Asks: 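Have a look at this one before I ask anything.
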Amino acid sequence: MTILRNLRWRPLSAVAATAAAVLLLTSCATSADPGAGGAAQGERVDGGDITVYSANVTYLDPRQNHGFIGRALADSLLDIDPDTFELKPWLATDWSVNADQTEFTFELRDDVTFSDGSALTGDVVKANFDGAVTQIQDGIGWYIQGLFDNYLETEVVSDTEVIVKFSAPNPAFLPTIPTSFLSILSADSFDKTYEERQSGDFSGSGPFVLENYTPNEQITLTRRDDYGWDSGVSEDSGPASLDSVTVNFVDEQSVRENALLSGEIQLAQNPTVEGSKQLRDQGFGLISRAQSGNPYSFVPNFARPLTKDVDLRRALAKVIDRATIQESITTDAEPASTSVLTPQTFGYADQSDLLDYDIDGASKILEDAGWTVGSDGIREKDGVRLSLVIVNWWEPKAVIDALQLIKEDAAKAGIEIELVNETAGGSTWTEGKGDFLYNNATRADGGIALYSQYADKFLEPNAGATTSEITSSGTDELSQILESSFIEPDEAKRQNLLAQAQEIIVGDAIRIPIFDNVNSESGYFAFDSKLQGLRENSISELVLSDAWISQ
């Protein structure tokens, strides 16, 4: 049996990914700017408390939703260097994979304990992977959907060794291990309901513990003094430097920015573009990392009568002026999308030649398809008005401005758009009354990102259609390609299959990408210049374990 040790996972173009991961504006949170005050890099000082103004956090369990708080509470078996994409040890000291990528062996540390005092053992790791399967079956595992399709078992060899076995190759498994969605929790945590874990009733092995949680108001994390199993990506060892982190939930971005400017807080989540410039000019730092997975896109509800129409979707894709959105709204930090995967994602293939802005071309597609212009400029066909409801769940001003520009350009081609801005999970979309959802998706691996959304086994029950109904070919070719890519162990062949899938998805406007976003939910922050050592992980979550306050 051939064994592949300490695999170095990498995206299709490491150069492109590294360039695209440059921090927003002039940010570099892992080094201090002496001109802005604070100690020089490396002169870490322990102690101190910080306050963060954040959007509301409703999921503390990192296995249910990603975020900087869950990541501070729980560790994973492995980590990934976000710049080199090299796998690093964490709770596992070593790992190996058989030749066809059906068996994954992990050697565990023997000194790890959870916040409830229990120890990390092989049985605990088995409970975590078995728990992932149950979570998917219960409809909770949106991020890891598809990842355990061919799961057989986790064999416990000893307290410090496990073998995770699949019946078919699973090349997406290893790069997903470092994400917070496969954080390792204590065995007793799986006796809790999802709602209980969502509110913080679980035990992780992270550098911080949950001191208190007041829903819709505040979270307090305190340092775990006996922590000593840092990720191989970490620059420091041992316990975190900060004594505590208090997170207050503040909806208004401007309030967060002003609190940072006044010195009331040390971290402000998701500042506006204008606020970011002001903060930078006044010596504050900015940290972000472009998000891996699917960019901000229009995601069709194929159960609606209009969205199965390929011509209509292609026309809608052509009225999006991505260049102007980047130039005047999002800046180069959030560039125009070039595919339905971002360049930071394994399997990305540039499809920009299929994403042209062409109002006349959109009009011709609709005219040829029988959509004629009505008296008010909006097209009609067989008595049906070409009016689309687009639902948005995101708060950033850049998103609102981009959608407004798209609405205005769509009207030039005779497409009426009704924009509905609502909170995540709002009724317009969940009750099936929206034609498109403006959304993104975080994934570490492009294969699982596309397979779990657009293979027929997931598309039909979740979106009300099969690939043969929504593609110009009228076949299930897309689903077959994705099924093959998911179990293809050869990296080059897998990348080729994913490129084919992206060409179909973009060409038939099955998902309409707009711009590549930073992770505003958990990884885009402005910070006080005295706060040093901040960094972001591979799925763009802010990491607090290395942070410290200079005197």
Side-chain angles (χ1 to χ4, degrees), residues 295-329 336-340 351-392 401-420 432-438 454 459 463-475 477-478 502-515:
Y296 276 138
S297 312
F298 287 151
V299 180
N301 171 12
F302 290 113
R304 299 275 284 182
L306 295 179
T307 54
K308 284 189 175 73
D309 188 328
V310 175
D311 291 323
L312 187 155
R313 298 197 311 267
R314 285 175 169 170
L316 178 61
K318 283 185 174 294
V319 304
I320 301 173
D321 188 353
R322 296 171 181 81
T324 296
I325 290 173
Q326 176 178 335
E327 180 180 350
S328 62
I329 298 174
S337 295
T338 53
S339 186
V340 289
Q351 305 294 326
S352 54
D353 58 330
L354 300 177
L355 293 169
D356 58 319
Y357 170 60
D358 184 0
I359 296 292
D360 291 338
S363 298
K364 186 176 188 307
I365 289 173
L366 295 171
E367 197 73 35
D368 291 346
W371 290 94
T372 59
V373 177
S375 58
D376 62 352
I378 301 303
R379 295 179 181 272
E380 299 176 350
K381 180 180 179 180
D382 299 329
V384 177
R385 183 177 175 85
L386 185 43
S387 181
L388 301 173
V389 176
I390 296 181
V391 180
N392 168 47
D401 291 346
L403 289 174
Q404 184 60 38
L405 177 62
I406 293 169
K407 177 179 179 177
E408 294 169 2
D409 282 343
K412 298 175 185 176
I415 303 172
E416 180 179 62
I417 291 178
E418 177 188 352
L419 295 176
V420 177
K433 294 178 288 188
D435 295 295
F436 293 86
L437 178 66
Y438 184 81
Y454 300 112
L459 179 64
T466 62
T467 50
S468 61
E469 293 178 286
I470 61 173
T471 55
S472 56
S473 69
T475 71
E477 178 189 12
L478 173 60
Q502 287 167 82
E503 183 176 2
I504 295 172
I505 294 169
V506 174
D508 284 347
I510 294 169
R511 184 186 188 103
I512 304 174
I514 301 173
F515 68 88

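The structure displayed is predicted, hence computed values, not measured ones.
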Asks: What's the verdict on side chain to side chain contact (heavy atoms under 4.5 Å, CB included) for I415 and L388, showing C-alpha distance, side-chain angles and the deciding distance?
Replies: CA-CA 8 Å; I415 303 172; L388 301 173; 3.9 Å; yes
Asks: Determine whether V340 and I505 make a side-chain contact, defined as any pair of heavy atoms from C-beta on separated by less than 4.5 Å.
Replies: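 V340 vs I505: side chains touch.
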Asks: Just by distance, do the side chain of D356 and the backbone of D358 share a donor-acceptor pair under 3.5 Å?
Replies: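 No, because the side chain of D356 does not come within donor-acceptor range (under 3.5 Å) of the backbone of D358.
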Asks: Taking all atoms of both residues into account, what is the closest heavy-atom pair of S339 and P513, and its distance?
Replies: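 Looking at all heavy atoms of both residues, the shortest contact is O-CB, 3.3 Å.
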Asks: What pair of heavy atoms forms the shortest contact from D311 to A369, and how long is it?
Replies: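 D311 and A369 have their closest heavy atoms at OD2-CB, 3.8 Å.
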Asks: Between E469 and T466, is any side-chain donor less than 3.5 angstrom from a side-chain acceptor?
Replies: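 A donor-acceptor contact under 3.5 Å links the two side chains.
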Asks: Search all heavy atoms of A410 against all heavy atoms of I417 and return the closest pair with its distance.
Replies: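 Of all heavy-atom pairs spanning A410 and I417, the closest is CB-CD1, 3.6 Å.
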Asks: What's the shortest heavy-atom distance between A336 and R322, and which atoms?
Replies: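 Reported closest heavy-atom pair: CB-CB, 3.6 Å.
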Asks: Is R304 close to F436 at the side-chain level, that is, under 4.5 Å between some pair of heavy atoms?
Replies: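 Of all side-chain heavy-atom pairs linking R304 with F436, none is under 4.5 Å.
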Asks: Look at the side chain of K433 and the backbone N and O of V389, then say whether any donor-acceptor pair between them is shorter than 3.5 Å.
Replies: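 Not confirmed, K433 side chain does not pair with V389 backbone.
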Asks: To the nearest 0.5 Å, what is the distance between CG (L354) and OG1 (T338)?
Replies: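 Going from CG on L354 over to OG1 on T338, the span is 11.0 Å.
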Asks: Do the side chain of S337 and the main chain of F515 share a donor and acceptor less than 3.5 angstrom apart?
Replies: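 Checked: pair present.
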Asks: Ring-plane angle category for Y296 and Y438, please: parallel below 30°, perpendicular beyond 60°, tilted otherwise.
Replies: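 Parallel: the ring planes of Y296 and Y438 meet at under 30°.
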Asks: For the backbone of I378 and the side chain of D376, can you confirm whether one donor and one acceptor N or O come within less than 3.5 Å of each other?
Replies: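 Here the side-chain-to-backbone pair exists.
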Asks: Within a 6.0 Å radius of atom CD on Q404, are there more than 12 heavy atoms belonging to other residues, nucleotides or ligands?
Replies: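 Yes, the 6.0 Å shell around CD holds more than 12 heavy atoms from other groups.
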Asks: Just by distance, do the side chain of E408 and the backbone of L405 share a donor-acceptor pair under 3.5 Å?
Replies: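 No, the answer is negative, given that no donor and acceptor are paired below the 3.5 Å cut-off.
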Asks: Backbone N or O of I470 within a donor-acceptor pair of the K308 side chain at under 3.5 Å?
Replies: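 No; judged by distance alone, with no hydrogens or angles, the pair does not exist.
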Asks: Can you tell me how far apart CD1 (I406) and CZ (F298) are? Round to the nearest 0.5 Å.
Replies: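 I406 atom CD1 to F298 atom CZ measures 4.0 Å (nearest 0.5 Å).
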Asks: For V299, is there any backbone N or O sitting under 3.5 Å from a side-chain donor or acceptor partner on S297?
Replies: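 No, the answer is negative, given that no donor and acceptor are paired below the 3.5 Å cut-off.
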Asks: For the residue pair D409 and V319, what are the closest heavy atoms and their distance?
Replies: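 Closest heavy-atom pair between D409 and V319: CB-O, 3.3 Å.
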Asks: Is the closest side-chain donor-acceptor distance between E416 and S387 under 3.5 Å?
Replies: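 Their side chains do contain a donor-acceptor pair, which is all the 3.5 Å distance test asks for.
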Asks: Side chain of R379, backbone of W371: donor and acceptor closer than 3.5 Å?
Replies: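 Looks like yes, one N/O pair under 3.5 Å.
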Asks: Check the pair I325 / I514 against side chain to side chain contact (heavy atoms under 4.5 Å, CB included), numbers first and verdict last.
Replies: CA-CA 9 Å; I325 290 173; I514 301 173; 4.0 Å; yes
Asks: Do I512 and I320 pass the side chain to side chain contact (heavy atoms under 4.5 Å, CB included) test, and can you show the C-alpha distance, the side-chain angles, and the key distance before you say yes or no?
Replies: CA-CA 9 Å; I512 304 174; I320 301 173; 3.5 Å; yes
Asks: I need the R313 CZ to T307 OG1 distance, nearest 0.5 Å.
Replies: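 If we round to the nearest 0.5 Å, R313:CZ and T307:OG1 are 7.0 Å apart.
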Asks: Would you compute the distance between atom NZ of K318 and atom OG of S363 and round it to the nearest 0.5 angstrom?
Replies: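 Rounded to the nearest 0.5 Å, the NZ-OG separation comes to 11.0 Å.
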Asks: Could you tell me which non-hydrogen atom of T467 sits nearest to which non-hydrogen atom of T471, and how far apart they are?
Replies: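 Heavy atoms only, the tightest pair is O-OG1, 2.7 Å.
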Asks: Backbone N or O of S472 within a donor-acceptor pair of the D508 side chain at under 3.5 Å?
Replies: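 Checking the backbone N and O of S472 against the side chain of D508, a donor-acceptor pair under 3.5 Å is found.
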Asks: Atom CG in L403, atom CD1 in I329: separation rounded to 0.5 Å?
Replies: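 Reported value, rounded in 0.5 Å steps: 9.0 Å.
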Asks: Hey, is the main chain of V384 close enough, under 3.5 Å, to the side chain of D382 for a donor-acceptor pair?
Replies: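 No, because the side chain of D382 does not come within donor-acceptor range (under 3.5 Å) of the backbone of V384.
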Asks: Assess whether side chain to side chain contact (heavy atoms under 4.5 Å, CB included) is satisfied between I510 and F302, documenting all intermediate values.
Replies: CA-CA 9 Å; I510 294 169; F302 290 113; 4.1 Å; yes
Asks: Say you draw a straight line from CD of E503 to CG of L478; how long is it, rounded to the nearest 0.5 Å?
Replies: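 Between atom CD of E503 and atom CG of L478 there are 11.5 Å.
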